[in-house]
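Remember, it's 1-based here, ligands and their atoms both numbered in the order they're listed. The basis for the numbers below is simple: all heavy atoms, side chains too, and nothing from hydrogens, waters or symmetry mates. The structure presented is a predicted model; accordingly, all values stated were derived computationally and were not measured.
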Amino acid sequence: MSLLPDAKPANYRPDTDNAREEVERPDTSAISWQKELAEAIRTPEDLLATLDLTESDVPEEISGQNSGFPMLVPRSFVRRMKEGDPHDPLLRQVLPVMDERETVAGFVRDAVGDQASRAAPGLLHKYRGRALLVAAGSCAIHCRYCFRREYPYGQEPRAMHEWDDAIHKLSQDASISEVILSGGDPLMLPDNRLAQLVRRIDAIDHICRIRFHTRLPVVLPSRITSEFRSLCNGLRSQPIMVIHANHTNEVASDCQDTLREMVSWRMPVLNQSVLLRGINDTADAQINLSQALIDIGVMPYYLHQLDRVKGTAHFEVSIETARHIIQTMRTKLPGYAVPQLVQEIPGELSKTPLQIL
Ligand SMILES: *Cc1c(COP(=O)(O)O)cnc(C)c1O
Ligand code: SF4
């Protein structure tokens, strides 16, 4: 949910509406994660108090009323933060600060050219062979550096029939062999609705792989239900899971258990992360993250150079630092544990590698 207040379309609905809708359509498996989501922390004051901190402990000025992209963080994620530490790397991913309101040259609403690649409502087609569905317009957490924090989710499908156009396009284009469910977070859909959408894609003969891009196994591990397992196990296409964790402290406790469980489903589980100033911008931080992942069978995939989206400039790390981190990782880790350092440049035929070979 990431529109500025003045840009909200008539059908804009805050993430809480998802929970309401799901209560109207009971899905017993979903009740516990939805309840957990309803109990997520939504104000900086609550978050800081939970961590035994006050605003004066935090070096930056906190941004309280952030109506376009309000604070949102599930308690499971908060439990992995260190009490009393205003520099906690998980806290800094979610705490809204005044820096977000600065206008910085080069930081724009649609830094990755999503709108230019929109082939149908909810369907982004940038790269040969794979197409991406904006399957849900909300997330369980609001990452302050989000590359789609300005995405106009209100224009994308919600009801099943609104997907007809996108599904038709996919079925007519035999060059597409992989569909990526993204968002927002596709796992914000309750299991029954997610299954309906995924089965429509799975029914298209030339689709060989269905990929989920989701942060929920990390931020709300209880979302990984037995119904979701059945969905993945029952597909004709090969499921591929791409999670999103940025720091080793995220890959702990209930998240770690859930990731181990998903790895046991005999599908690839990959991680992508974003290089973030003050959070994971050292070689040690990245090495620790990679080790935590490979030790449970999750393979590092991409390390993204920050997309230059309005309001995120304070998270940017220089490309030189990014390259240095990757070179150091190469000298200390097995080759498979070093993610590909990439940037998304609009108009390019793939994500652009930034590593010097
Ligand atoms: C990143 C992205 C993909 C996936 O790219 P891969 O390199 O295959 O991971 C696909 N479609 C869109 C629109 C994307 O932004
Ligand atoms: S989970 Fe992804 S899409 Fe959602 S707020 Fe975070 S970065 Fe943005």
Side-chain angles (χ1 to χ4, degrees), residues 1-3 15 18 37 40 66 68-74 77 90 92-94 96 100 110-120 122-151 153 156 166 170 175-188 208-220 223 240-246 250 268 270-276 279 299-307 309 311-312 315 339-353:
M1 284 309 176
S2 51
L3 292 167
D15 51 10
N18 258 357
L37 189 57
N66 205 320
F69 193 56
M71 205 199 82
L72 178 66
V73 49
F77 195 75
L90 279 58
R92 305 190 68 83
Q93 292 180 45
V94 299
E100 293 179 20
D110 181 7
V112 297
D114 276 342
Q115 291 313 303
S117 71
R118 195 165 173 269
L123 180 68
L124 307 183
H125 192 191
K126 281 185 193 168
Y127 306 138
R128 196 187 144 76
R130 53 258 200 245
L132 182 148
L133 291 190
V134 181
S138 60
C139 287
I141 190 165
H142 286 172
C143 314
R144 306 317 303 177
Y145 55 84
C146 178
F147 71 127
R148 291 207 180 110
R149 57 177 289 168
E150 297 279 339
Y151 192 92
Y153 290 115
E156 302 303 26
L170 291 174
S175 76
I176 297 172
S177 54
E178 177 163 347
V179 173
I180 300 167
L181 282 96
S182 181
D185 200 306
L187 269 63
M188 287 296 280
C208 307
R209 279 153 270 126
I210 297 180
R211 201 198 304 182
F212 297 88
H213 277 189
T214 175
R215 190 149 156 72
L216 287 194
V218 176
V219 302
L220 194 73
R223 171 63 186 89
I240 299 169
M241 202 59 54
V242 182
I243 63 154
H244 168 188
N246 300 308
E250 290 167 58
L270 311 172
N271 182 61
Q272 53 183 344
S273 62
V274 183
L275 190 57
L276 299 165
I279 292 172
M299 308 310 289
Y301 179 38
Y302 279 150
L303 174 60
H304 293 270
Q305 178 68 7
L306 185 81
D307 295 317
V309 169
T312 66
F315 284 114
Q340 298 179 57
L341 175 66
V342 293
Q343 181 153 37
E344 186 163 348
I345 299 174
E348 294 293 317
L349 299 177
S350 69
K351 309 275 190 258
T352 305

Trainee: Any idea which atoms of ligand 2 are less than 4.0 Å away from a heavy-atom of H244?
Mentor: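 By the 4.0 Å cutoff, the relevant atoms are 7 (S).
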Trainee: Angle class for the F69/H142 ring planes (parallel below 30°, perpendicular above 60°, tilted otherwise)?
Mentor: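 Plane angle under 30°, so parallel.
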Trainee: Taking only non-hydrogen atoms of D185, do any sit less than 4.0 angstrom from ligand 2?
Mentor: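 No; D185 lies far enough from ligand 2 that no heavy-atom distance drops under 4.0 Å.
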Trainee: Return yes if a side-chain donor-acceptor contact under 3.5 Å exists between S182 and R148, otherwise no.
Mentor: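 Yes, R148 and S182 have a side-chain donor paired with an acceptor closer than 3.5 Å.
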Trainee: Which of the atoms of ligand 1 are close to E344, meaning less than 4.0 Å from one of its heavy atoms?
Mentor: 15 (O)
Trainee: For the residue pair R144 and T312, confirm or rule out a side-chain donor-acceptor distance under 3.5 Å.
Mentor: no
Trainee: Are H304 and E344 linked by a side-chain donor-acceptor pair shorter than 3.5 Å?
Mentor: no
Trainee: For atom 8 (O) of ligand 1, which candidate among H304, R130, R128, R118 provides the closest heavy atom?
Mentor: R130
Trainee: Are any non-hydrogen side-chain atoms of K126 and L132 less than 4.5 angstrom apart?
Mentor: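 K126 vs L132: side chains apart.
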Trainee: Looking at R215, which atoms of ligand 2 are within less than 4.0 Å of one of its heavy atoms?
Mentor: 1 (S)
Trainee: For ligand 1, which atoms, with element, lie under 4.0 Å from some heavy atom of I180?
Mentor: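 Counting atoms of ligand 1 from 1, those under 4.0 Å from I180 are 3 (C), 4 (C), 10 (C).
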Trainee: I need the atoms of ligand 1 closer than 4.0 Å to a non-hydrogen atom of K126, numbered in the order shown.
Mentor: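 So the answer, numbered in order with elements, is 13 (C), 15 (O).
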Trainee: Looking at atom 8 (Fe) of ligand 2, is there an N, O or S atom belonging to C146 that lies under 2.8 Å away from it?
Mentor: yes
Trainee: Quick one: look up the protein heavy atom nearest atom 1 (C) of ligand 1 and list residue, atom name and how far away it is.
Mentor: K351 NZ, 1.6 Å
Trainee: Is a side-chain N or O of N271 found less than 3.5 angstrom from the main chain of A245, in a donor-acceptor match?
Mentor: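 Looks like yes, one N/O pair under 3.5 Å.
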Trainee: Applying salt bridge (charged side-chain N to carboxylate O under 4.0 Å, His left out), run through E178 and R209 and close with a yes or a no.
Mentor: CA-CA 5 Å; E178 177 163 347; R209 279 153 270 126; 2.6 Å; yes
Trainee: Which residue holds the protein heavy atom closest to atom 6 (Fe) of ligand 2, what is that atom called, and what is the gap in Å?
Mentor: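 Among all protein heavy atoms, the one nearest atom 6 (Fe) of ligand 2 is C143 SG, 2.3 Å.
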Trainee: Please report which non-hydrogen protein atom sits nearest to atom 4 (Fe) of ligand 2, along with the residue it belongs to and the distance in Å to one decimal place.
Mentor: C139 SG, 2.3 Å
Trainee: Which of the numbered atoms in ligand 2 are under 4.0 angstrom from any heavy atom belonging to I141?
Mentor: 5 (S)
Trainee: Below 4.5 Å, heavy atoms only, C-beta onward: do Q305 and L275 meet side chain to side chain?
Mentor: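 They are in side-chain contact.
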Trainee: Checking a contact table here: which protein heavy atom is nearest atom 12 (C) of ligand 1, and how many Å away?
Mentor: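 Result for atom 12 (C) of ligand 1: L132 CD1, 3.7 Å.
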Trainee: Short N/O distance, under 3.5 Å, between R211 and ligand 1?
Mentor: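 Looking only at distances, the answer is yes, because the N/O contact criterion of under 3.5 Å is met.
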Trainee: Would you say the side-chain atoms of D110 pair up with the backbone N or O of Q115, donor to acceptor, closer than 3.5 Å?
Mentor: yes
Trainee: Can you list the ligand 1 atoms lying under 4.0 Å from a non-hydrogen atom of Y301?
Mentor: 6 (P), 7 (O), 8 (O), 9 (O)
Trainee: Mark up the atoms of ligand 1 that fall under 4.0 Å of a heavy atom belonging to Y302, in ascending order.
Mentor: 6 (P), 7 (O), 9 (O)
Trainee: Between R223 and L187 (side chain of the first, backbone of the second, donor and acceptor by atom type, cut-off under 3.5 Å), is there such a pair?
Mentor: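 Yes: the side chain of R223 pairs with the backbone of L187.
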